[in-house]
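Worksheet for the structure shown next.
One-based numbering, in listed order, for ligands and for the atoms of each.
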Amino acid sequence: MELLIKNTKIVLKKGDITEEDTEAIVNAANSSLMGGGGVDGAIHSKGGPEIKEECKRIRETLYPEGLPTGKAVVTTGGKLKAIYVIHTVGPICSSGKLTEKKRKLLKDAYFNSLKLAEDKGIKSISFPSISTGAYRCPLEESAKVALETVIQFAREGTNIREIRFILFTEESYNIYENLLRKPNNEL
Ligand code: ADP
């Protein structure tokens, strides 16, 4: 499914984010930036060691304590089709609840990834559904935050021409689609 907001196409797609050919793909990383499971593991294993080498340099220089939740950094895409990987860290919902504080951090993760892409002149970007796997945030509420943030960013005007959500499961695709189908994007 697709939706045009100003000059930006918002696309929902079922699939594996490591296969995407947008200029950038976003990694749902953890603050160590040293890899993990889910999206993170798939990106590092398909993208090759170059990505981790850059992550190590970022840790040594900018973020010795780790990348704080809600912030974003960029590395090469290594062997992936995408030229860049934007690494961001979503909140952990250990209780399974998206509290106000966590909602804000999840919004920051999407917004700061978009801002970084915009500042780098990136024209197309793919997102996974951040924090809804190992980090256990509720899917529908997190999807709302994701879509609201991206729609607001596009409405305010951006040079990014395409923003994709790559949904790995049927369930997550259906939830995102139902939300995006609401009239006037009243999420
Ligand atoms: P987090 O730690 O932020 O929760 P995960 O990678 O565990 O990140 O999961 C985030 C979401 O990404 C989940 O909805 C999961 O189903 C999905 N996912 C897992 N692997 C992939 C993949 N290769 N491409 C796209 N989405 C993926």
among protein heavy atoms, the one nearest atom 7 (O) of ligand 1 is Ala134 N, 2.8 Å
Identify whether the distance between the nearest side-chain nitrogen and carboxylate oxygen of Arg181 and Glu177 falls below 4.0 Å.
yes
Pull out every atom of ligand 1 sitting under 4.0 Å from any heavy atom of Val39, numbered as shown with elements.
6 (O), 12 (O), 18 (N), 19 (C), 20 (N), 21 (C), 26 (N), 27 (C)
Can you tell me if Lys81 uses its side chain to pair, donor with acceptor, with the backbone of Glu19 under 3.5 Å?
yes
In terms of atom number and element, which parts of ligand 1 are under 4.0 angstrom from non-hydrogen atoms of Asp16?
22 (C), 23 (N), 24 (N)
Going by the order shown, which atoms of ligand 1 are within less than 4.0 Å of some heavy atom of Ser129?
10 (C), 11 (C)
Is ligand 1 less than 4.0 angstrom away from at least one heavy atom of Ser131?
yes
Which atoms from ligand 1 have a heavy atom of Ile17 less than 4.0 Å away?
22 (C), 24 (N), 25 (C)
Do Ser131 side-chain atoms and Pro91 backbone N/O form a donor-acceptor pair below 3.5 Å?
yes
Lys13 vs Glu20, salt bridge (charged side-chain N to carboxylate O under 4.0 Å, His left out): CA-CA, chis, key distance, verdict
CA-CA 10 Å; Lys13 211 174 138 180; Glu20 287 308 302; 3.1 Å; yes
Checking Asp108 against Lys115 for the salt bridge (charged side-chain N to carboxylate O under 4.0 Å, His left out) test, could you report, in this order, the C-alpha distance in whole Å, the side-chain angles of both residues, the deciding distance, and whether it holds?
CA-CA 10 Å; Asp108 288 348; Lys115 186 79 179 57; over 6 Å; no
Evaluate salt bridge (charged side-chain N to carboxylate O under 4.0 Å, His left out) for Glu141 paired with Lys97, printing each intermediate quantity in order.
CA-CA 9 Å; Glu141 279 175 80; Lys97 282 206 195 100; over 6 Å; no
So for ligand 1, is Tyr135 a polar contact partner (N or O within less than 3.5 Å, distance only)?
yes
What I'd like to find out is whether the side chain of Gln152 reaches to under 4.5 Å of the side chain of Lys107, using heavy atoms alone.
yes
Looking at ligand 1, does any of its N/O atoms fall within less than 3.5 Å of an N/O of Gly38?
no
Can an N or O of Ala28 be found at a distance shorter than 3.5 Å from an N or O of ligand 1?
no
Would you say Asp40 and ligand 1 have an N/O pair spaced under 3.5 Å apart?
no
In the protein, what heavy atom is nearest to atom 13 (C) of ligand 1, and what distance, to one decimal place, separates them?
Thr132 OG1, 3.6 Å
Counting distance only, does the side-chain N/O of Arg59 pair as donor-acceptor with the main-chain N or O of Pro64 below 3.5 Å?
yes
For atom 4 (O) of ligand 1, what's the nearest protein heavy atom and its distance?
Gly133 N, 2.8 Å
May I have the step-by-step check of salt bridge (charged side-chain N to carboxylate O under 4.0 Å, His left out) for Glu140 and Lys144, ending in yes or no?
CA-CA 6 Å; Glu140 180 151 4; Lys144 251 190 204 182; 5.6 Å; no
Does Phe168, backbone or side chain, put an N or O under 3.5 Å from an N or O of ligand 1?
no
